[in-house]
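Residue numbers start from 1 in every chain, and the chains themselves are labelled A, B, ... in the order their sequence lines are given, proteins ahead of strands.
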2 protein chains.
Amino acid sequence: MVSKTPDHIMSAAIPEEIAGLRMTRQRQEIYRLLIEQRNHPTANEVFMRAKDRLPNISLATVYNCLEALVQHGIIRQVNFERESSRYCPNLREHAHFHDAVSGVIHDIDFKPGGNLADVLELPPGVVIEDVEITLRGKLTVQ
Amino acid sequence: MVSKTPDHIMSAAIPEEIAGLRMTRQRQEIYRLLIEQRNHPTANEVFMRAKDRLPNISLATVYNCLEALVQHGIIRQVNFERESSRYCPNLREHAHFHDAVSGVIHDIDFKPGGNLADVLELPPGVVIEDVEITLRGKLTVQ
DNA sequence: GTGATAATTAGAATAATTCTTGATCTTGAT
DNA sequence: ATCAAGATCAAGAATTATTCTAATTATCAC
């Protein structure tokens, strides 16, 4: 199997460009890290993990990279209350369930055919560009 | 009509205690101000308005009062992205629509009988304690 | 009124994020 | 390969919303 990935990068193949964004080493590592551990880390958590592979990376660069990835629609920025922003590579439209006990954040998909307009009294003329749904509660069973 | 409201307070009658919270002068003014102008102000906007009637009030007090009102379920704290928190006295369960053009935030009621579980793929065992829905978009007509 | 408790105030402290500036890396033309 | 232009990165300063601290003031129960 022939690959264009340079020898010194043995990670999962991340293309050199995504959605028009040049995937530099730093952006690649951050993106891969988000894909591998999908637990909605904060910028600082990303920073700490990224240092394993990029010891010289700075927090500013992590913020820069995350913002570039968000701006190009490659990952999503997720905010709960006024806590630190978290980042997630799940691009499907989805909600978030925040388990108050464990602190874990779960992605919740929409039901096929599910439509918010069935649930909300939307005034006429609104064109919705973005939806953000956050549920907070407990996971009783399991 | 007999009222227990002291003479020096000619504002709309706000009781001296709500939900177990002693309604001090500052808390009263802040609560009344939120009810009168329901445009989801930030703490700083509340601060500026409050100074009309309470020239010596401090921003710290505004934060203290808002938190006390929120803690006692008298008002709600609303967060959009990582912007400053906003405050709203609407206690009905509702969503928010943020008009990207005007910047105005509209309250959106749930349809009677509307249930989020009809729209979301909720895993079994989740007990939802709080829901936060934010829509962003444009108001075309009207 | 007196003492205990709670609320208010002003300013300092905190924390997440953004900004600034200079260094470094890429890319494309030569 | 070399150079210039532009993009990206890094380090630390700056910003901003919010919280904390300590001192003062108001309120409540007696």
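Under the 4.5 Å side-chain heavy-atom criterion for Ile, Leu, Val, Met, Phe, Trp and Tyr, A:L34 and A:V78 are members of distinct hydrophobic clusters.
The 12-atom threshold is not exceeded at NZ of B:K138, counting heavy atoms of other residues, nucleotides or ligands nearer than 6.0 Å.
Under the Watson-Crick or G-U wobble criterion, with both distances below 3.5 Å, D:dG12 is paired with C:dC19.
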Can you pull every protein N or O that's under 3.5 Å from an N or O on nucleotides 8-11 of chain D?
| residue | atom | partner | partner atom | Å |
| --- | --- | --- | --- | --- |
| D:dT8 | OP1 | A:R27 | NH1 | 3.1 |
| D:dT8 | O5' | A:R27 | NH2 | 3.4 |
| D:dC9 | OP1 | A:T24 | OG1 | 2.4 |
| D:dC9 | OP1 | A:Q26 | OE1 | 3.4 |
| D:dC9 | O3' | A:Q26 | NE2 | 3.3 |
| D:dA10 | OP2 | A:T61 | OG1 | 2.3 |

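Between B:L59 atom CG and C:dA12 atom C1' the separation is 14 Å, expressed in whole Å. Counting to the nearest Å, the P atom of C:dC25 and the CD atom of A:Q28 are 16 Å from each other. Put simply, NE2 on B:H72 is 12 Å from P on C:dA6, counting in whole angstrom units. In this entry the distance linking CE of B:M48 with P of D:dA17 reads 11 Å, nearest Å. Here D:dA26 presents its C1' atom at 17 Å from CE of B:M23, a figure rounded to the nearest Å. The CD atom of A:E45 sits 16 Å away from the C1' atom of C:dT17 (whole-angstrom rounding). For the pair A:F47 CZ and C:dT18 P, the interatomic distance rounds to 16 Å; values are reported in whole Å. Straight-line distance from the CD atom of B:E81 to the C1' atom of C:dA16: 15 Å, rounded to whole Å.
A:S85 pairs with exactly one of A:Q77, A:H40, A:E67 by the side-chain hydrogen bond (donor to acceptor under 3.5 Å, both in side chains) rule, that one being A:Q77.
At C:dT17, one or more side-chain N or O atoms of A:Y63 fall inside 4.0 Å of OP1 or OP2 (strictly under the cut-off).
Residue B:S85 is in sugar-phosphate contact alone, with no base atom involved, counting any heavy-atom pair closer than 4.0 Å across all strands shown.
To the nearest 0.5 angstrom, A:R27 atom CZ is 7.0 Å from A:R22 atom CZ.
Proximity of a side-chain donor or acceptor of B:R38 to a complementary backbone N or O of B:I35 within less than 3.5 Å is detected.
Between B:I30 and B:I75 there is no side-chain heavy-atom pair separated by less than 4.5 Å.
Between B:R82 and B:L54, the one whose closest nucleotide on DNA chain C sits nearer the 5' end is B:L54.
Taking the six-membered ring for Trp and thresholds of 30 and 60 degrees, B:F80 and B:H98 have ring planes inclined between 30 and 60 degrees apart.
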